[in-house]
2 protein chains.
Amino acid sequence: MDLRVKKTHDNLQKALIVLLNQKSLENISVAEICRIAEINRGTFYLHYKNVHGVFERYFNDIVKDLKLSYDFPYDVTKDNLAMLTPEMIQIFHHVKKYEAFYRIVFDEKTPMLYYHKLLKTIRLFVIESHTKETEHMSDQQLEYLASYTANSIIGLLLQWHKEDYVLSPETLNQYIYDFSRLKETLQKII
Amino acid sequence: MDLRVKKTHDNLQKALIVLLNQKSLENISVAEICRIAEINRGTFYLHYKNVHGVFERYFNDIVKDLKLSYDFPYDVTKDNLAMLTPEMIQIFHHVKKYEAFYRIVFDEKTPMLYYHKLLKTIRLFVIESHTKETEHMSDQQLEYLASYTANSIIGLLLQWHKEDYVLSPETLNQYIYDFSRLKETLQKII
DNA sequence: ATTTTTATTGAACAGATGTACAATAACTTC
DNA sequence: GAAGTTATTGTACATCTGTTCAATAAAAAT
């Protein structure tokens with residue numbers, strides 16, 4: 001890969017972290033990040049549309065890491081858990097790990113882009129976990145069910161965010177388990 | 001109320017609608033909206049921080065309208081519906097009514113602010129609907145349950161948005177009823 | 001090693017941003 | 001209706017934005 005391009009990206013990534021320790025993402029200008037990164041402003045616009053573009057690159061890596069934990073094998077048998085799968089419960093540890101970033105992602109001033117990306121990823125986990133119990137539903141209904149379920153999980157993340165991430169991931173694991181057990185119980189009854 | 005101030009706000013509101021028919025919210029500059037509204041740019045900054053401030057004013061009215069439909073009396077007895085209340089199901093008709101605005105609210109480029117406001121409002125409905133079945137939970141757990149439930153509903157809205165609002169509000173009412181019935185069933189079992 | 005391709009740079013441009021200030025106009029009070 | 005208060009205006013300023021272009025430097029291809 002072209003070393004010039006790599007240098008541009010690397011310098012910008014580093015400069016973003018430096019600046020995020022001084023000010024919020026929305027207050028970082030393109031001109032400023034370029035000065036810190038020692039990159040020409042014209043070069044910046046050849047690669048990114050705005051400062052959020054640099055942050056998005058970071059977030060893509062974070063999402064990759066989340067997917068990794070999803071691909072990881074787990075020893076609990078899927079059968080007796082129905083809708084809620086163990087890899088889903090890794091979400092709180094994941095968010096805690098990247099808390100500094102998720103504080104930005106869920107911030108009022110931050111564009112919805114990252115939220116949509118996160119939802120899309122969690123939806124994948126949910127769809128994978130759809131079992132025989134949901135087989136009677138139409139494809140469309142399943143799409144909606146996936147968004148319904150995935151977003152309920154993010155609802156816990158938003159509440160966590162609102163309360164400044166004071167609770168432990170373990171407590172949240174317990175909460176989500178309690179809340180979702182209702183569903184499972186039901187599905188076994190149908 | 002000061003007629004000068006009223007004129008400033010009214011002109012800006014009207015100008016925003018005019019411009020939204022031409023371009024997306026993010027592409028509307030303060031300078032431009034002031035030209036259309038025939039308001040001095042300095043005056044703008046005395047009232048708003050940016051163009052989103054004008055949009056937020058609109059959205060506050062929309063949220064008020066949503067709360068109105070919530071305050072409205074409904075004839076179904078609360079007892080046999082447990083968690084999901086009828087006023088909650090008005091949400092899809094509400095979003096359809098203001099579809100043009102919600103298209104913006106859920107857009108990738110739009111800041112999370114409006115999402116948080118919507119969630120906060122729907123949470124109120126959810127908390128109101130908490131019944132004896134949830135009495136055994138701690139206050140904190142109920143806060144999380146409210147966000148969990150409220151955000152699951154918004155999950156359906158996001159899926160609706162993704163699919164360009166093709167389904168009817170009635171179909172979504174049926175979906176949410178189907179999805180939430182699981183919970184109710186469970187709660188009756190506990 | 002030389003040519004070709006591609007990325008970066010610096011300079012320049014019109015327009016936008018955010019803030020400040022004195023002048024003026026419009027409302028409020030008495 | 002006069003005096004005091006408050007909102008709006010016009011101007012100005014330093015900075016930022018997004019784009020263009022020729023010049024240069026670095027990488028890839030031959």
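Each chain gets a letter, A, B and so on, in the order the sequences are listed, and its residues count up from 1.
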Output the rounded distance in Å from NZ (K49(B)) to C1' (dT17(C)). 12 Å
Do Y114(A) and F101(A) have ring centroids that are under 6.0 Å from one another? no
When you look at CD of E38(A), are more than 12 heavy atoms from neighbouring residues, nucleotides or ligands closer to it than 6.0 Å? no
Short side-chain N/O contact to dA7(C) OP1/OP2 from T43(A), under 4.0 Å: no
Give a yes/no on whether any side-chain N or O of N40(A) is located under 4.0 angstrom from OP1 or OP2 of dG10(C). yes
Whole Å only: how far is the CD1 atom of I33(A) from the P atom of dT17(D)? 11 Å
Atom CD of E26(B) to atom P of dG18(D): distance rounded to whole Å? 12 Å
Could you tell me whether L46(B) contacts a base, only the sugar-phosphate backbone, or nothing, with contacts defined as non-hydrogen atoms closer than 4.0 Å? base
Please confirm whether F179(A) and Y144(B) have ring centers closer than 6.0 angstrom. no
Looking only at heavy atoms, what is the nearest atom pair of K109(A) and D107(A), with distance? N-OD2, 2.8 Å
With nearest nucleotides of DNA chain C determined for N50(B) and K6(A) from heavy-atom distances, which residue corresponds to the more 5′ nucleotide? K6(A)
Donor/acceptor link under 3.5 angstrom from R4(B) side chain onto base of dA26(C): yes
H94(A) and Y102(A): aromatic ring centres closer than 6.0 Å? yes
N/O (side chain, R41(B)) to phosphate O (OP1/OP2, dG15(C)) under 4.0 Å: no
Ignoring backbone atoms, test whether S29(A) places a side-chain nitrogen or oxygen under 4.0 Å from the OP1 or OP2 oxygen of dT15(D). no
Rounding to an integer number of Å, can you tell me how far L12(A) CG sits from dT8(C) P? 10 Å
Could you give the CD-to-P distance, from E32(A) to dG18(D), as a whole number of Å? 15 Å
Quick one: F44(B) CZ to dT9(D) P, roughly how many Å, whole number? 13 Å
Is there a side-chain contact between Y45(A) and the phosphate of dT19(D), meaning an N or O under 4.0 Å from OP1 or OP2? no
OP1 or OP2 of dT8(D) less than 4.0 angstrom from a side-chain nitrogen or oxygen of H47(B), does that happen here? yes
Tell me the interatomic distance from K7(A), atom NZ, to dA25(D), atom P, rounded to whole angstroms. 14 Å
For L3(B) and V30(B), take the nucleotide of DNA chain C holding the closest heavy atom to each; which residue's nucleotide lies nearer the 5' end? V30(B)
Just the rounded figure in Å: distance from P of dT17(D) to CG of N27(B). 15 Å
